[in-house]
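Please read the structure below before turning to the comments.
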Number of protein chains: 4
Amino acid sequence: MNYRHILLMDGPDHKGLIYQVTRVLFEHNQNIIRNNEYVSPSGYFFMRTEFEGEADASQLLEVLRRELPEGINLRLNPKKKKDIVLLVTKEHHCLGELLIRYAFDELDATIQAVISNYNVLQPLVSKFGIPFHYISHEHKTRPEHEEAILRTLDIYQPEYLVLAKYMRVLTADFVQHFPDRIVNIHHSFLPAFIGANPYRQAYERGVKIIGATAHFVNNNLDEGPIIAQDVKSVDHRQTATDMATLGRDTEKQVLSKALKLVFNDRVFIHHNRTIIL
Amino acid sequence: MNYRHILLMDGPDHKGLIYQVTRVLFEHNQNIIRNNEYVSPSGYFFMRTEFEGEADASQLLEVLRRELPEGINLRLNPKKKKDIVLLVTKEHHCLGELLIRYAFDELDATIQAVISNYNVLQPLVSKFGIPFHYISHEHKTRPEHEEAILRTLDIYQPEYLVLAKYMRVLTADFVQHFPDRIVNIHHSFLPAFIGANPYRQAYERGVKIIGATAHFVNNNLDEGPIIAQDVKSVDHRQTATDMATLGRDTEKQVLSKALKLVFNDRVFIHHNRTIIL
Amino acid sequence: MNYRHILLMDGPDHKGLIYQVTRVLFEHNQNIIRNNEYVSPSGYFFMRTEFEGEADASQLLEVLRRELPEGINLRLNPKKKKDIVLLVTKEHHCLGELLIRYAFDELDATIQAVISNYNVLQPLVSKFGIPFHYISHEHKTRPEHEEAILRTLDIYQPEYLVLAKYMRVLTADFVQHFPDRIVNIHHSFLPAFIGANPYRQAYERGVKIIGATAHFVNNNLDEGPIIAQDVKSVDHRQTATDMATLGRDTEKQVLSKALKLVFNDRVFIHHNRTIIL
Amino acid sequence: MNYRHILLMDGPDHKGLIYQVTRVLFEHNQNIIRNNEYVSPSGYFFMRTEFEGEADASQLLEVLRRELPEGINLRLNPKKKKDIVLLVTKEHHCLGELLIRYAFDELDATIQAVISNYNVLQPLVSKFGIPFHYISHEHKTRPEHEEAILRTLDIYQPEYLVLAKYMRVLTADFVQHFPDRIVNIHHSFLPAFIGANPYRQAYERGVKIIGATAHFVNNNLDEGPIIAQDVKSVDHRQTATDMATLGRDTEKQVLSKALKLVFNDRVFIHHNRTIIL
């Protein structure tokens, strides 16, 4: 039987980095299944190495730390499904997409629970036998509400949070509990529209393209590293409502695509950009 | 032999508008080749009617004015190529695309001349035997420079100006000489980036999509009614330079598409949106 | 309260057709909400007119028949959801997409039942409280199997059948019970691949694009009028399995798009082509 | 001053291949700028390594041959523009695109000459000061015609031939003079159409997507390894002529994209597929 691992490595480029890593794997009878690297124009190095061998490779991390230069970040993950919790509000489109994929084992993740500040989506979630936690924000301060969510998350200890149309802004305090581990989806347009009812604004501006962006959440919402984007063409015949419908379809497709990349350990974050190997 | 005309009509919707127009054409032995209309959710009516007949239809405009309710805008154009002048600066990609299409009669327009504030593109233009006017902006105030351009345009009396990467902002004074008759192309991104070197900004933000927008120019630059947009996918491997190259390809394709629509009288402008019939 | 109807009309073009129809609607106090027509280069006329009025318009069909020339086909539908039955085999992706849309009233149709020649998808369907009929093809001749399906369909009298990855060929006898009323989805490629395991073939051929086609079913399978198509880009890194996954995503998106058009009475069929107004 | 080289390597996968190559480069003070590899599911290994160093690396090929296992194919190219000859017939769209790119040094290649079996495009080519060879096929057998072309090609010794809408089938005899060194562009459709006037067939079939495929030419025309593909959406309103116009735009874009990949030594061919690193 074979163990499969994914090694993620990034840091300032040095001559021979690939050589040193591949030598260690070679000497430990690990066979490289897939190896991708990228060096940024500024000389920063990224490598994702998927390898397998008969021996458990977990101790290799130590060996590599010794062999590699200072300042190289290393992560070694066994290849497995991620544990995730979904946060939602009232919209079903992204949630429904993820539930169906999950029900047929296409998500590369285990949905441990769904948390919502409304109970609208409870019936859908219950169809799939997944715990649904209704944590209303009413009569609570934002910190109190986030505190309640955090207590629930403590039960599950998820590796990633997915904001599948969770319509509340998360505080920096909350976000820092899950650094680079929260994925959000939101609509996006050419040009961008700020504020309420963006589809109405896009309609009134007569845009010919609407889209969606999946990104990690950092302290300034909607500004985290972009993971995936896609667009659809529209024209004057689409009403603001039509555009919102089409936008939702795009959102669920882009979120699914982004999660596939994240859950397969293919995404690096560097200076607010993603490198996808 | 047949005359072919295009009737463009817009105004507040009234019951029977289509009926009245089609009756007039019917009674004047004009046959409708293609008829498209659109009523906006706010009840504003747009119709493009392409028709042909043995009799010259130019006098039909008067008849229609009499028959139709107050406040309906009517334009009646014989189907023919538009006369245009191109304004460029130093970039060749859009100009080259238009020149090749023009050389093989694919532009639905006659390029009367090319005007530039640099002489960089003169050799390319001269290959195609088109007048090139080098009107430098140096040692001139903006009004003086625009005045010089206007004097040259007076020679040609173009129906449309095409800004094929003309990198100077036009004043409201200049624009008002060509209401809804100036088409511009510019890059666009998700999210949008303002200011210098947008491709560098897009690169640093790690966008996955870059695009281009063709639009009419009104008083606030890059904010006029959008005619066409398209995007290309990018990833971390593209440098800012690669993205600029891909962006230029998108720009020339989007500009060509937009001009085809404009030159075929298919574009209405209403409240800063385009309706394309 | 207002009645809304959709008039579908096609036939050889005559001067004044639009005029005559719009006059009738005008005289019967029906207001045109949306009117689209198209005349093919061969002179065949298509028009879709969506209109509303305070009076029920059902008797207008007779009036129009009298007023219009011979040989014009007319259909007058009240604007309402279509009744449909889904046929599936073992794959869940299209079914899941349609069930979620249906559960949130986004399908423009009522799913009366799901019929399958396997019982694999029964658990998914039952989550949504929709009748599931397991009609195995085993120990049955093809005519016997189709006969059994027809008996079940008789219970529901659906307006449309949707083959949401139904993997058996339907006989001409079966198809003729539902002329232009069966919609199918299947993968498609550049170039096309015939026979078993097309994704394996596409992989081995190294295609860079895979796609899906939604079409009406007529007597020769996969050759009926095309309603919608879309594609996704792939490269050498995708395995045949990855390509099949991506293909399934495309299939469900294209099928949903096609059904939206069909269920809104926007699709005409003429000489094995669709005209979508 | 630095030398830059591109090493292309493929063969059956062995543990430690990357290690051995990177060690050699490391020991010869060559710095890896970009390294990409891919191992096929069947265990075949591909690697493209772009590296630079102060010493000329040309002798490294010998070293690598000694160090690496039997049966590994190695190519070592200095990074430089390719010499190419274009073959055309009467259509200008791909030729025009390539000439404009070439004129502004965007082609990564030097166009040594253009050969055509008609003289229609001579005026366009001459605008760019490139030799144009009119080699009519009239009154010649196919072998005689190809013989004449080969004699002309002998003058230039091009690294690649680009069939920029060259509308004659090349014999196996001709093709074998340029193994994996001829790039062709042709339209493609969903479904595929064989025989004359494919756009007419596509129109009559009512396809919603038309596309183009760039591929290497091997003995069976239009069946060589695919390099790039793209599509555009169409609908019933496009005539066969409109579709042909849109198809030509797609062809020139896809050909340009494919050539960029080929001329940058990014394309491997294996079992009639391309691997693009």
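Throughout, protein chains are lettered first and strands after them, A, B, ... in sequence-line order, and every chain is numbered starting at 1.
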Review point. Applying a criterion of heavy atom separation less than 4.5 Å, what residues of residues 247-269 of chain D form contacts with chain C?
Key: none
Check your understanding: Between atom CD of C:Gln229 and atom CD1 of D:Ile210, what is the distance when rounded to the nearest 0.5 Å?
Key -> 11.0 Å
Exercise for review: Determine yes or no for a side-chain-to-main-chain donor-acceptor pair under 3.5 angstrom, with D:His271 supplying the side chain and C:Glu204 the backbone.
Suggested key: no
Practice item. Provide the closest heavy-atom pair for D:Tyr203 versus C:Arg273 in the form atom of the first, atom of the second, distance. Key: O-NE, 2.8 Å
Practice item. For residues D:Leu277 and C:His236, report the shortest heavy-atom separation together with the two atoms involved. Key: CD2-NE2, 3.6 Å
Practice item. Pick one of side chain, backbone, both or neither for C:Thr274, based on which atoms fall under 4.5 Å of a heavy atom in chain D. Key: both
Check your understanding: Relative to chain D, which segment of C:Ala240 carries a heavy atom at a distance below 4.5 Å: side chain, backbone, both, or neither?
Key -> neither
Practice item. Verify the distance criterion only: is there a donor paired with an acceptor across the side chains of C:Thr213 and D:Lys208 at less than 3.5 Å? Key: no
Point to revise | Working for side chain to side chain contact (heavy atoms under 4.5 Å, CB included), residues D:Ile276 and C:Asp235 | key: CA-CA 8 Å; D:Ile276 298 176; C:Asp235 65 28; over 6 Å; no
**Study point:** Any D:Ile209 side-chain heavy atom under 4.5 Å of C:Val231 side chain
**Key:** yes
